[in-house]
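So you know, we letter chains A, B, ... as the sequences are listed, proteins then strands, and number each from 1.
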There are 2 protein chains.
Amino acid sequence: MVRVGLTPERLTLAGAELADEVGFEQVTVSALARRFDVKVASLYSHLKNSQELRTRIALFALEELADRVADALAGRAGKDALAAFANAYRTYAREHPGRYDAARLRLDPATAAASAGVRHAQMTRAILRGYDLTEPDQTHAVRMLGSVFHGYVSLELAGGFDHSKPDPQQSWDWIIDSLDMLLRNRPTDN
Amino acid sequence: MVRVGLTPERLTLAGAELADEVGFEQVTVSALARRFDVKVASLYSHLKNSQELRTRIALFALEELADRVADALAGRAGKDALAAFANAYRTYAREHPGRYDAARLRLDPATAAASAGVRHAQMTRAILRGYDLTEPDQTHAVRMLGSVFHGYVSLELAGGFDHSKPDPQQSWDWIIDSLDMLLRNRPTDN
DNA sequence: GGCATTTGCCTAAAGCTTTTAGGCAAACTA
DNA sequence: TAGTTTGCCTAAAAGCTTTAGGCAAATGCC
């Protein structure tokens, strides 16, 4: 009975890898046990239940994505920052589709508040400092940016733009240009 | 052994209702059988497998949503049409969260091509006729509108805007205003 | 180093979902 | 009314989740 050295952290990482390979939906405690060549029940010493596994993967992905975005934003401002932010997002989703899906898992409010989701919101606001927006416009803009990026990336990931021209990259660039223009020119709401 | 009168259509509708009640993820052949007070195996005379059930619910939701959008668009143009389109989308998602989720199910290309998803794309293009866009800008704009609406609605549905001010309705209106402004003023890409 | 405790993975088992196979009776069809 | 089709049934296998209890490896203490 050799000990494999399971920990919640190793399970989470392996779960994230599994998600990228087979899809977040297909990540099960059983599949993970097979991957470690260990009996299923053994994982329950490290995980409360399968929901906890999913939640952990989600939190891990949020954190990892936030780190990447933070890197991408470093030293940039204005449209440059906007594009870097958007591209970090899209690149992550393309490199790690399962983790990206995981990051969209609905978390309970307490968990969400303690997650890297908070950093995402802060970084979005940071980008908007390069534009001349005051509240409540800034919040509206935060929500719009989140919606566009999330929406585009998930439609693209779902194959929504497959086999259709023009190249999704062009639309992506066009959208970033548009948002920049919009944020620079939009009259204040009153 | 009373015959309940199961058909693929009744099962699909009941599945859609179930999705709204308990979430699309929780729609199982077993749960559906319980709802009809019938043994699980009986459903397999009407459904090839559980994937077919999910696909049918997705197609049903796409169709229903397209009908609503078509109604909303009737007789409208320009920003009026844009707002009607957006609101039909959001209203459907709020009234039928499970069906809306279902409509986002990834379909295989052939099924997608034969689905009401095609009508959705056509209607989006119809709205853009009220703005002065030529290809490829029009396609970029179709993708952007789809992304924003889908993204906003799914973030809102996932509780992303809960307990945060301002009211999501205000952001929604602000976003529609912004998109209208953008589509009216954006310089042609070249 | 030897011994006790803790920890990690195991077997066993129950409950749920999916899916297939084969059967019987109800409902059409002539 | 007899024959055929159809609809729901029982039975059963296979996979996932989760709990309970056990034994052996690792850890800590004298």
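- Remark: the A/H150 side chain and the B/S154 side chain contain an N/O donor-acceptor pair separated by less than 3.5 Å.
- Summarising the geometry, the separation between CD on A/E52 and C1' on D/dC16 is reported as 18 Å, rounded to the nearest angstrom.
- Of the possible polar contacts, none joining the A/D180 side chain to the A/I176 backbone as a donor-acceptor pair under 3.5 Å is found.
- Screening residues 112-126 of chain B for salt bridge (charged side-chain N to carboxylate O under 4.0 Å, His left out), with sequence neighbours left out, gives B/E63-B/R119, B/D67-B/R119, B/R125-B/E135.
- The shortest distance between the side-chain N/O atoms of B/S42 and the OP1/OP2 oxygens of D/dG7 is not below 4.0 Å.
- A/W172 and A/N87 are linked by a side-chain donor-acceptor pair at a separation below 3.5 angstrom, with hydrogens and angles left out of the test.
- Side-chain atoms of B/D20 come within 3.5 Å of backbone N or O of B/G98 as a donor-acceptor pair.
- With a 6.0 Å cutoff to the six-membered ring centre and a 45° limit on the axis angle, B/R104 counts as a cation-pi contact of B/Y100.
- Residue B/S30 has no polar side-chain atom (N or O) positioned under 4.0 Å from OP1 or OP2 of C/dC16.
- Residue contacts shown for B/A31 are absent, as no nucleic acid heavy atom lies under 4.0 Å away.
- A/D132 and A/R184 are not joined by a salt bridge, as no carboxylate oxygen comes within less than 4.0 angstrom of a charged side-chain nitrogen.
- Near DNA chain C, meaning a heavy atom under 4.0 Å from it, residues 43-51 of chain A has A/S45, A/H46 in order of number.
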How far apart are the C-alpha atoms of A/T55 and A/L59, what are their side-chain angles, what is the distance that settles it, and do they pass the side chain to side chain contact (heavy atoms under 4.5 Å, CB included) test? CA-CA 6 Å; A/T55 301; A/L59 293 174; 4.1 Å; yes

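- Comparing the axis of the opening five pairs of the helix from C/dG1-D/dC30 to C/dA30-D/dT1 with that of the closing five pairs yields an angle of 10°, rounded to 10°.
- Judged purely by distance below 3.5 Å, without hydrogens or angles, the side chains of B/T139 and B/R143 never pair a donor atom with an acceptor atom.
- A straight line from CZ of B/R10 to C1' of D/dG7 spans 13 Å, rounded to a whole angstrom.
- Out of C/dT18, D/dC16, D/dT17, the shortest distance to the side chain of B/T28 is found at C/dT18.
- Closest to the side chain of A/V4, out of C/dT19, C/dC9, C/dT11, is C/dC9.
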When you compare the protein's N or O atoms with those of nucleotides 1-6 of chain D, which come within less than 3.5 Å of each other, and at what distance?
residue	atom	partner	partner atom	Å
D/dT6	O2	B/R3	NH2	2.9

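- Separating the CG atom of A/L53 from the C1' atom of D/dC16 is a distance of 13 Å, rounded to the nearest angstrom.
- Side-chain atoms of B/A41 lie closest to D/dA11 of the nucleotides C/dT17, D/dC16, D/dA11.
- Only at 4.0 angstrom or more do the heavy atoms of residues 13-27 of chain A sit from any atom of DNA chain C, so none qualifies.
- Electrostatic pairing of A/E95 and A/R68 counts as a salt bridge here, judged by a charged N lying under 4.0 Å from a carboxylate O.
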Show me the donor-acceptor pairs, under 3.5 Å and distance only, between side chains in residues 31-39 of chain A and residues at least two apart or in other chains.
residue	atom	partner	partner atom	Å
A/R35	NH2	A/E21	OE1	2.4
A/R35	NH2	A/E21	OE2	3.1

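- At whole-Å resolution of the value, CG in B/L11 and P in C/dT18 are 13 Å apart.
- The backbone N or O of A/G151 sits nowhere less than 3.5 Å from a side-chain atom of B/Y152 that would complete a donor-acceptor pair.
- With rounding to whole Å, A/D37 atom CG is found 13 Å from C/dC10 atom C1'.
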Does the pair A/Q138 and A/T134 meet the rule for a side chain to side chain donor-acceptor pair (under 3.5 Å), with working shown? CA-CA 6 Å; A/Q138 200 177 80; A/T134 52; over 6 Å; no

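- As rounded to whole Å, 19 Å separates atom P of D/dT18 from atom NZ of A/K39.
- Between B/Q51 and B/R56, the side chains place no donor N or O within less than 3.5 Å of an acceptor N or O (distance only, hydrogens not considered).
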